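Reading through the C-alpha cells given below for one structure.
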Amino acid sequence: MSIIFPGDEKGVVKAASLIKSGNLVGLPTETVYGLAANALNFDAVAEIFRVKGRPATNPVIVHVHSVEMAQALGDFNERAAILAKTFWPGPLTIVIRASEIVPTNVTAGGTTVGVRMPNHVLALKVLQASSLPIAAPSANRSEGISPTTANEVVRSLGAMSPPVLDGGACIVGIESTVVDVSDNTVRILRPGAVTKAQIESALDEQILIGGSSTIARSPGQMLRHYAPNTPALLIDDWNAITVPPNKLALLAYSAKPLETIEFVKTIRLPADPSGYASGLYAALSELDQAGVDRIVIETPPKTEPWTAVLDRLNRAVAPVRRD
Ligand code: TXA
Ligand code: MG
C-alpha cells in the first residue's frame with residue numbers, strides 16, 4: 001500500500017493528527033515538499049534530522065498560518081511585518097530573533113528562527129487544523145534534489161519516508177528566498193522566487209546578499225546541495241561545447257540545435273525563470289535516472305531574474321564533498 005495519501009479533507013485531518021501526535025508527514029507547499037513535524041516538539045524535530053541525514057548545525061524553517069503565529073516564535077520586527085504583508089503567503093522565509101519556545105534543534109543552537117507562511121491550500125489547512133507551527137525542511141535526503149511531487153519524496157527518503165500528503169506538483173519548484181532581518185543589516189541568505197529587487201522595494205532600503213562571515217547557518221549555502229548523483233556540468237558557450245565521449249543527457253532551455261552531439265535524453269525547460277524553476281528539480285531527477293555518465297546543462301542567462309535558478313544549478317554541478 002502506498003504511503004502517499006490524497007490531498008482531500010480526510011488527508012488534511014490525517015496530516016494534522018500525525019503532526020499533533022509527534023510524527024512526521026510529507027507536506028506539499030508551493031515551493032517544494034517539506035518533511036513536516038510539530039516545530040515546538042524537540043523529539044519530533046530530532047526525527048526530521050535523522051530521516052534527512054541532516055547535520056545538526058543546520059536550522060530548519062518553521063511554517064505558520066498567520067503573522068500572530070510568527071510573532072509567538074520570535075521578535076517579529078517592523079521589517080518582518082512589512083515583508084510578511086508584502087509576500088505572505090509565499091516563497092519568502094524571514095529570519096528573526098527566536099523566542100524561548102523554539103526548541104534548540106530548530107535553531108541549530110543559534111539565536112534566530114526562520115519563519116514562512118506557505119502559499120499552498122493544503123499546507124495552510126494542515127497548519128489551521130493542527131494549530132501548531134510546523135517545522136519543515138525540504139523532504140529529501142541531505143544534499144539531494146528537493147522533491148516537487150509526492151512520489152519524489154518517497155524516492156528520496158526511501159524506507160525512511162513518512163506518509164506523504166499528495167498536493168500534486170509544486171508550482172514554484174525551488175525553495176523559498178531566505179532573508180535575515182534579525183539584525184540591522186538585512187541579508188538574503190538564499191535566493192529564491194522573491195528577488196532582491198522586490199525585497200528592497202518593499203523595505204525601501206538596500207540589502208546585502210550572503211550571510212555575514214560569523215554565521216555559518218544556511219545549508220542552502222553549502223556548496224554541494226540540491227545535487228543529482230550523476231555528475232553534471234554547466235555549459236556557458238554553447239558553440240564551443242566540448243564534452244567527453246560518454247553517455248550524455250541534456251538539460252536545455254533554448255531551442256538551439258546541437259547536431260554534433262548525441263544525447264540519450266534531452267529535456268527542454270521553459271525559457272523564462274519561473275517556468276524553468278518550476279520544472280527544474282523534476283527534470284534533474286529524471287535525467288539523473290536516465291543511466292547516463294554526465295548531465296550537460298545549458299547555462300541560463302546570467303541576469304537578475306535568473307539568480308535563484310543559477311544558484312541551484314551552480315550547486316548541482318559542484319563536485320562531491322569528500323568530508
Ligand atoms: O521553500 C522552502 O523553504 C522549503 C519548503 C518546505 O518550505 N523548505 C526548505 O527548508 O527549503 P530547508 O531546511 O531545506 O532550507 C531552509 C533554509 C536553509 O538554507 C536553512 O539554513 C535556512 O533556511 N535557515 C533556516 N533557519 C535559519 C536561521 N535561523 N538562520 C539562517 N538560516 C536559516
Ligand atoms: Mg533543503
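Every number for a ligand or one of its atoms is a count from 1 in the order of the listing. Here the structure is a predicted model, which means the values were calculated and not measured.
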Looking at [X], which atoms of ligand 1 are within less than 4.0 Å of one of its heavy atoms?
X: Gly34; value: 6 (C)
X: Gly114; value: 26 (N), 29 (N)
X: Ser138; value: 8 (N), 9 (C), 10 (O), 12 (P), 14 (O)
X: Ser176; value: 1 (O), 2 (C), 3 (O)
X: Thr31; value: 1 (O), 2 (C), 4 (C), 5 (C), 7 (O)
X: Thr112; value: 28 (C), 29 (N), 30 (N)

Check the orientation of Tyr253 and Trp306. Use parallel for under 30°, tilted for 30 to 60°, and perpendicular for over 60°.
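Rings of Tyr253 and Trp306: tilted, as their planes differ by 30° to 60°.
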
Taking the inter-plane angle between the rings of Phe76 and Trp88 on a 0 to 90° scale, is it parallel (under 30°), tilted (30 to 60°) or perpendicular (over 60°)?
tilted

Which part of [X] is near ligand 1, with near meaning a heavy atom under 4.0 Å away: side chain, backbone, both or neither?
X: Val113; value: backbone
X: Val178; value: side chain
X: Ala136; value: backbone

I'd like to know: is the Mg ion (ligand 2) within the 2.8 Å range of an N/O/S atom from Ser146, strictly under that distance?
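Coordinating: no.
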
Cationic N near anionic O, under 4.0 Å, [X] to [Y]:
X: Lys302; Y: Asp236; answer: yes
X: Lys265; Y: Glu286; answer: yes
X: Arg116; Y: Glu175; answer: no

Which heavy-atom pair separates Thr177 from Ile188 by the least distance, and what is that distance?
CG2-CG2, 4.3 Å

Hey, is the main chain of [Y] close enough, under 3.5 Å, to the side chain of [X] for a donor-acceptor pair?
X: Ser285; Y: Tyr281; value: no
X: Asn38; Y: Ile134; value: no
X: Asn314; Y: Leu310; value: yes

Counting only nitrogen or oxygen atoms and a 3.5 angstrom limit, does His63 reach ligand 1?
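Indeed, backbone or side chain, His63 has an N or O that close.
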
Any nitrogen or oxygen of Arg116 lying under 3.5 Å from a nitrogen or oxygen in ligand 1? Just yes or no.
yes

Within the structure, is a non-hydrogen atom of Val95 found at a distance of less than 4.0 Å from ligand 1?
yes

Could you check whether any heavy atom of Leu189 sits closer than 4.0 Å to an atom of ligand 1, since that is the contact criterion I want to use?
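Contact present.
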
Within the structure provided, determine whether Leu189 and Val179 are in side-chain contact (heavy-atom separation under 4.5 Å).
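No, side chains not in contact.
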
For atom 13 (O) of ligand 1, which of the options Arg54, Lys52, Glu175, Arg190 provides the nearest non-hydrogen atom?
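Closest candidate by heavy-atom distance is Arg54.
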
